[in-house]
Undergrad: 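For reference, the structure I am asking about is given below.
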Amino acid sequence: MSDRLPEPDADERTHSDQLVALIAQEIATQGPMPFSRFMMLCLYAPGLGYYSAGRMKFGAAGDFITAPELGPLYARCIARALVPSLRELGPQADFLELGGGSGAFAVDALRELAQQDALPRRYFMLEPSADLRARQHEHVHAQLDATLAARVSWIERPPEDAWQGVLFANEVIDALPATRFTLRDGEVYEECIAREHGRFVRVDRPADALVAGAVRQVERALGAPFADGYRSEILPQLPYWLQAIAAPLERGLLLFADYGYPRAEFYLPERSDGTLVCHYRHRAHADPLHWPGLTDLTAFVDFTALAEAGVGAGFDFVGYAPQGQFLLASGLLDLVDAEGDEVERVRQLTAVKRLTLPGEMGERFQLMAFARGLDVALPWLRAVDLSRRL
């Protein structure tokens with residue numbers, strides 16, 4: 001596998017070696033590390049994790065391309081879909097974007113909301129990475145006029161005070177540290193990372209009560225036990241995470257966009273090694289131990305679990321649909337400039353195809369929304385709702 005991937009330069013190797021040393025030291029003092037802890041350090045260790053370091057992550061110069069990086073159509077369409085809810089919420093409505101990537105979504109969404117006369121009072125970007133905050137700040141202030149840019153501010157943790165508005169998260173849940181589990185003689189084991197002969201290796205240890213209980217709950221929901229040797233991911237912390245980010249939202253909407261499946265498809269028998277994917281310079285591979293700190297680690301989302309977590313946090317379930325169907329129902333094609341520059345129109349149509357075709361992002365990515373205290377909440381999502389699949 002490694003011979004098919006580009007080699008990092010000397011500085012990148014040094015960076016990865018520093019993270020390897022940090023992880024190895026923790027394993028030496030505490031024993032084999034749960035995979036979820038390993039993933040957390042690989043992605044978020046201060047100054048060393050993938051999202052905490054300085055290399056470009058998004059776009060052609062990074063490791064992968066997200067929907068907002070394909071051009072303004074995605075953010076404009078999402079923004080238009082949120083306009084009725086923002087107007088119902090009134091002048092006190094805020095907008096909270098989790099993550100934020102390069103800042104492209106915020107720029108294009110704010111421009112569209114300004115055109116629709118539906119600007120939020122404040123636009124918050126929750127971004128724990130100092131490096132990404134700096135990149136987002138530079139992009140926002142370079143692309144937006146001073147009046148719009150002044151609405152944007154950055155926070156490092158979820159709001160603690162009550163607020164009203166819209167929360168949007170694109171490709172955030174897939175980056176939550178996932179627990180990897182397997183079954184052996186009918187018992188639940190947790191995948192861990194150990195250090196042997198100077199290398200990281202994956203080993204299985206008996207699962208604790210939290211992990212074992214979460215796996216057994218999934219088995220009950222599926223109506224059948226997992227076969228011995230079956231391996232996959234689970235997010236026992238998902239209900240607590242969603243409660244932490246959303247509990248202060250007194251009135252408003254939560255909208256999540258990510259790649260994933262309903263539970264019955266997530267845990268198909270043939271998907272016997274889970275959904276873990278690693279991204280390195282636009283190449284996907286399956287080895288999370290390869291160049292820690294330089295590689296994005298991600299796992300698909302169990303949208304049934306997300307629905308349960310949202311309802312469990314006290315929100316009304318709004319709907320669930322593939323990205324392509326939602327964007328088309330929300331008027332994506334109306335945003336294509338049919339009379340403008342031919343080159344730009346071709347670029348926009350190419351983006352539409354990537355966003356909506358089943359073989360591209362159209363089926364692999366899903367959207368799910370929850371609301372609290374709203375009369376109008378994403379009617380376009382309700383129109384294409386496929387929650388029966390959950």
Side-chain angles (χ1 to χ4, degrees), residues 1-10 12-53 55 63 174-212 214-215 218 226-237 266-267 270-281 283-300:
M1 181 276 302
S2 60
D3 59 353
R4 299 197 303 270
L5 296 174
E7 286 293 317
D9 61 29
E12 290 173 329
R13 287 174 180 268
T14 299
H15 174 93
S16 182
D17 289 344
Q18 290 174 336
L19 180 59
V20 166
L22 176 72
I23 296 172
Q25 177 61 32
E26 184 169 324
I27 292 173
T29 58
Q30 300 182 26
M33 172 185 294
F35 180 82
S36 57
R37 172 67 178 170
F38 176 80
M39 183 172 174
M40 191 279 290
L41 290 173
C42 284
L43 296 182
Y44 305 112
L48 295 174
Y50 179 80
Y51 286 109
S52 303
R55 196 165 69 85
D63 297 301
D174 67 82
L176 294 180
T179 295
R180 295 264 291 171
F181 70 89
T182 190
L183 278 293
R184 186 184 303 171
D185 297 326
E187 297 299 319
V188 181
Y189 283 72
E190 182 173 3
E191 184 176 304
C192 297
I193 305 299
R195 188 82 168 161
E196 296 179 1
H197 308 295
R199 298 175 62 88
F200 291 133
V201 295
R202 298 154 82 171
V203 298
D204 298 327
R205 295 289 185 268
D208 62 20
L210 177 64
V211 172
V215 172
V218 169
F226 291 114
D228 268 15
Y230 190 88
R231 190 177 299 269
S232 192
E233 298 84 30
I234 197 166
L235 289 175
Q237 77 274 30
F266 190 100
Y267 294 111
E270 57 266 33
R271 193 168 282 124
S272 58
D273 195 32
T275 69
L276 183 71
V277 180
C278 310
H279 293 103
Y280 179 69
R281 296 187 183 176
R283 291 163 173 83
H285 64 88
D287 183 5
L289 309 183
H290 189 69
W291 296 120
L294 305 181
T295 302
D296 182 34
L297 309 183
T298 180
F300 280 51

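In what follows, every heavy atom counts, from backbone to side chain, and hydrogens, waters and symmetry copies are set aside. Note that this is a predicted model, so its numbers are computed, not measured. Positions are given from 1, in the same order as the sequence printed here.
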Undergrad: What residues, two or more places apart in sequence or in another chain, satisfy side-chain hydrogen bond (donor to acceptor under 3.5 Å, both in side chains) together with Asp273?
TA: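 By the side-chain hydrogen bond (donor to acceptor under 3.5 Å, both in side chains) rule, Asp273 matches Arg180.
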
Undergrad: Measuring from atom CH2 of Trp291 to atom OH of Tyr50, what distance do you get when rounded to the nearest 0.5 angstrom?
TA: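 Result: 15.5 Å between the selected atoms.
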
Undergrad: Going by side-chain hydrogen bond (donor to acceptor under 3.5 Å, both in side chains), name the residues that satisfy it together with Thr275, two or more places apart in sequence or in a different chain.
TA: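 Residues passing side-chain hydrogen bond (donor to acceptor under 3.5 Å, both in side chains) with Thr275: Glu233.
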
Undergrad: Minimum heavy-atom separation for Leu297 and Met39, please, with both atom names.
TA: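 Here Leu297 and Met39 meet closest at O-CE, 3.3 Å.
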
Undergrad: Look at the rings of Tyr51 and Tyr44 and say which category their plane angle falls in: under 30° parallel, 30 to 60° tilted, over 60° perpendicular.
TA: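 Because their plane-to-plane angle is under 30°, the rings of Tyr51 and Tyr44 count as parallel.
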
Undergrad: Between Glu190 and Ile234, is a side-chain contact (heavy atoms from CB on, under 4.5 Å) present by the stated rule, with each step listed?
TA: CA-CA 10 Å; Glu190 182 173 3; Ile234 197 166; over 6 Å; no

Undergrad: Leu19: which residues meet the side chain to side chain contact (heavy atoms under 4.5 Å, CB included) condition with it, sequence neighbours left out?
TA: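 Leu19 satisfies side chain to side chain contact (heavy atoms under 4.5 Å, CB included) with Leu22, Ile23, Ala45, Leu48, Pro292 once adjacent residues are dropped.
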
Undergrad: Using 0.5 Å steps for rounding, measure from the SG atom of Cys278 to the CG atom of Asp296.
TA: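 CG of Asp296 is found 8.0 Å from SG of Cys278.
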
Undergrad: Start with the C-alpha gap between Leu183 and Val188, add the side-chain angles, then the distance that decides, and say whether side-chain contact (heavy atoms from CB on, under 4.5 Å) holds.
TA: CA-CA 5 Å; Leu183 278 293; Val188 181; 4.0 Å; yes

Undergrad: So which heavy atom on Pro177 is nearest to which on Leu235, and how close?
TA: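 Residues Pro177 and Leu235, closest heavy atoms: O-CD2, 3.5 Å.
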
Undergrad: Nearest heavy-atom pair of Ala284 and Val277: which atoms, and what distance?
TA: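 Distance-wise, the nearest heavy atoms are CB-CG1, 4.0 Å.
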
Undergrad: Please set out all donor-acceptor pairs under 3.5 angstrom arising from side-chain atoms of residues 26-37, sequence neighbours excluded.
TA:
unit_1 : atom_1 : unit_2 : atom_2 : d
Glu26  : OE1    : Arg37  : NH2    : 2.9
Glu26  : OE2    : Arg37  : NE     : 2.9
Thr29  : OG1    : Gln25  : O      : 3.2
Thr29  : OG1    : Glu26  : O      : 3.1

Undergrad: Report the C-alpha distance between Phe226 and Arg231 in whole Å, list the side-chain angles of each, state the deciding distance to 0.1 Å, and finish with yes or no for side-chain contact (heavy atoms from CB on, under 4.5 Å).
TA: CA-CA 9 Å; Phe226 291 114; Arg231 190 177 299 269; over 6 Å; no

Undergrad: Does Arg271 have any salt bridge (Lys or Arg N to Asp or Glu O under 4.0 Å) partners at least two apart in sequence or in another chain, and if so, which?
TA: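 Checked Arg271 against salt bridge (Lys or Arg N to Asp or Glu O under 4.0 Å); zero matches.
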
Undergrad: Just jot down the side-chain hydrogen bond (donor to acceptor under 3.5 Å, both in side chains) partners of Arg205, sequence neighbours excluded, or say none.
TA: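 In terms of side-chain hydrogen bond (donor to acceptor under 3.5 Å, both in side chains), with neighbours along the sequence ignored, Arg205 is linked to no residue.
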
Undergrad: Ignoring hydrogens, what is the shortest heavy-atom contact between Ala286 and Arg202? Give both atom names and the distance.
TA: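 So the two residues come closest at O-NH1, 4.0 Å.
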
Undergrad: If every non-hydrogen atom of Leu43 is compared with every non-hydrogen atom of Thr295, which pair is closest and at what distance?
TA: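 Reported closest heavy-atom pair: CD2-O, 4.3 Å.
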
Undergrad: Among all residues two or more places apart in sequence or in another chain, which pass the side-chain hydrogen bond (donor to acceptor under 3.5 Å, both in side chains) test with Thr298?
TA: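 Thr298 satisfies side-chain hydrogen bond (donor to acceptor under 3.5 Å, both in side chains) with Asp174, Tyr259 only.
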
Undergrad: Which residue pairs satisfy the ring-ring contact (aromatic ring centres under 6.0 Å, His included) criterion with at least one member in residues 182-210, sequence neighbours excluded?
TA: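 Sorted result for residues 182-210: Phe38-Phe200.
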
Undergrad: Using the ring of each side chain (for Trp, its six-membered ring), is Tyr267 parallel, tilted or perpendicular to Tyr230, with breaks at 30° and 60°?
TA: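 Aromatic pair Tyr267/Tyr230 classed tilted.
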
Undergrad: In chain order, what residues pass the side chain to side chain contact (heavy atoms under 4.5 Å, CB included) check against Asp9, with sequence neighbours excluded?
TA: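 If we apply the side chain to side chain contact (heavy atoms under 4.5 Å, CB included) test to Asp9, skipping adjacent residues, the hits are Asp11, Glu12.
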
Undergrad: Asp208: what forms a side chain to side chain contact (heavy atoms under 4.5 Å, CB included) with it, not counting sequence neighbours?
TA: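 If we apply the side chain to side chain contact (heavy atoms under 4.5 Å, CB included) test to Asp208, skipping adjacent residues, the hits are Leu210, Val211.
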
